[in-house]
Enquirer: 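Mind having a look at this structure? Questions to follow.
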Amino acid sequence: MEGATSKTDLTGRYLPVAVYYEDADVVEYIRQDVPCVNRRIDEFLTLALKMDGREPIGFKLKGFKNFYLHYFKDDAQRDDRERFVTLVKVIEKATEVLGNEMFEEDRRAAYEQAHKIAEEDNAALHELPDAA
Amino acid sequence: MAKPTLRVMIGQAGPSTPWLDFPLTVIAKSPLDRGATCRFRLSREDAMKAAAAHRRQPIWELWSIVLGEPPPVPNVRTWGLNVPAEEGLITLVEAHACFRGIRRALAEDDNGENVVAYILKPRFFYEYRANLVSTAVKLTVPAGLLFAVYVRIDIPWDAQRKGTVGVVTHGGFVEADPSDPLLPEDHASRYTQRLW
């Protein structure tokens, strides 16, 4: 019941957290609950920029479920499989898959920027998708 | 690739709070025929997750840009800064461009081929603020911005079907192409095909 009433509270303060939105298949990490502009970097990453001033305030990792199904499904079958508790691990894995040769300088900088944001705020995943 | 799985829809026994109780469907121009209309479902689950994290801004944008209404929160229609609260708001059916294929994976869809993007140019939107009078403030959309709404269309597509033909998954502001301010920047590479 605490969850049911807390989500309807208009005064509760937003704290940075990574949230997986299943309909959009996006893991979003935003520092502030403010209007933002989405700037697509590539098929995996979108930066969230504060509408006022275009300061980067977060990022979105797209296709997380699709990526998970392709690369982590086997691990999910183990009894002692490890849950993803930090978003940084996902970013690191995405970078490994793409490979350094495919990164253009500006794209690498965007991933490093997203990595820095997650590390600074010690991002923790708010919710995880169930493995298919 | 795994087949789509059934999901348990989380609900509650009591009445939903007004700003989470948005309509089940929204009308839009048909992706295949700009002169016709169709209906899409509005998923509530992601909004519930956002609300649980006290993340309200995407919900305020859903109300004020997709549905064309001020978020139903106390005093939103009477607070001086917002009056007239509904004037100038647009809805999804007023999208001026539509693309198919978002060139990125979305769940079981490896390349987003079955996702369409509606492009809108709203003049106003509502911002969430921790304000004692009204938590929804009407603002002018800055120049150079558009709003993209993404819809997963049902497969197979049935133009004759009387019910809904897809589900609105998410949306957000994007930067406009400086050379064509009614289209998103990099629209040619961002989307597979322009429908209209």
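Each chain gets a letter, A, B and so on, in the order its sequence line appears, and its residues count up from 1.
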Enquirer: Any side-chain donor-acceptor pair under 3.5 Å between Arg40(A) and Thr46(A)?
Expert: no
Enquirer: Considering only heavy atoms, which portion of Pro74(B) lies under 4.5 Å from any heavy atom of chain A: side chain, backbone, both, or neither?
Expert: side chain
Enquirer: Quick one: does NZ or CZ of Lys62(A) land under 6.0 Å from the six-membered ring centre of Phe44(A), within 45 degrees of the ring axis?
Expert: no
Enquirer: Please look at Ala50(B) and chain A and tell me whether the side chain, the backbone, both or neither of the residue comes under 4.5 angstrom of a heavy atom of that chain.
Expert: both
Enquirer: Between Gly63(A), Ala48(A), Pro35(A), which residue shows the highest count of heavy-atom pairs closer than 4.5 Å to chain B?
Expert: Pro35(A)
Enquirer: Chain A heavy atoms under 4.5 Å from Leu132(B): which part of the residue, side chain, backbone, both or neither?
Expert: neither
Enquirer: Of all of Val73(B), Asn111(B), Leu145(B), Thr135(B), which one pairs up most often with chain A through heavy atoms under 4.5 Å apart?
Expert: Leu145(B)
Enquirer: Who among Glu175(B), His170(B), Glu61(B), Arg152(B) has the most heavy-atom pairs with chain A under 4.5 Å?
Expert: Glu175(B)
Enquirer: Is it true that Tyr128(B) and Trp60(B) have ring centroids separated by less than 6.0 Å?
Expert: yes
Enquirer: Does Arg103(B) count as lying over the ring of Tyr191(B), i.e. NZ or CZ under 6.0 Å from the six-ring centre, within 45 degrees of the axis?
Expert: no
Enquirer: Looking at Glu86(B) and Arg77(B), does any basic side-chain N land under 4.0 Å from a carboxylate oxygen?
Expert: yes
Enquirer: Quick one: what part of Arg54(A) sits under 4.5 Å from any heavy atom of chain B, side chain, backbone, both or neither?
Expert: side chain
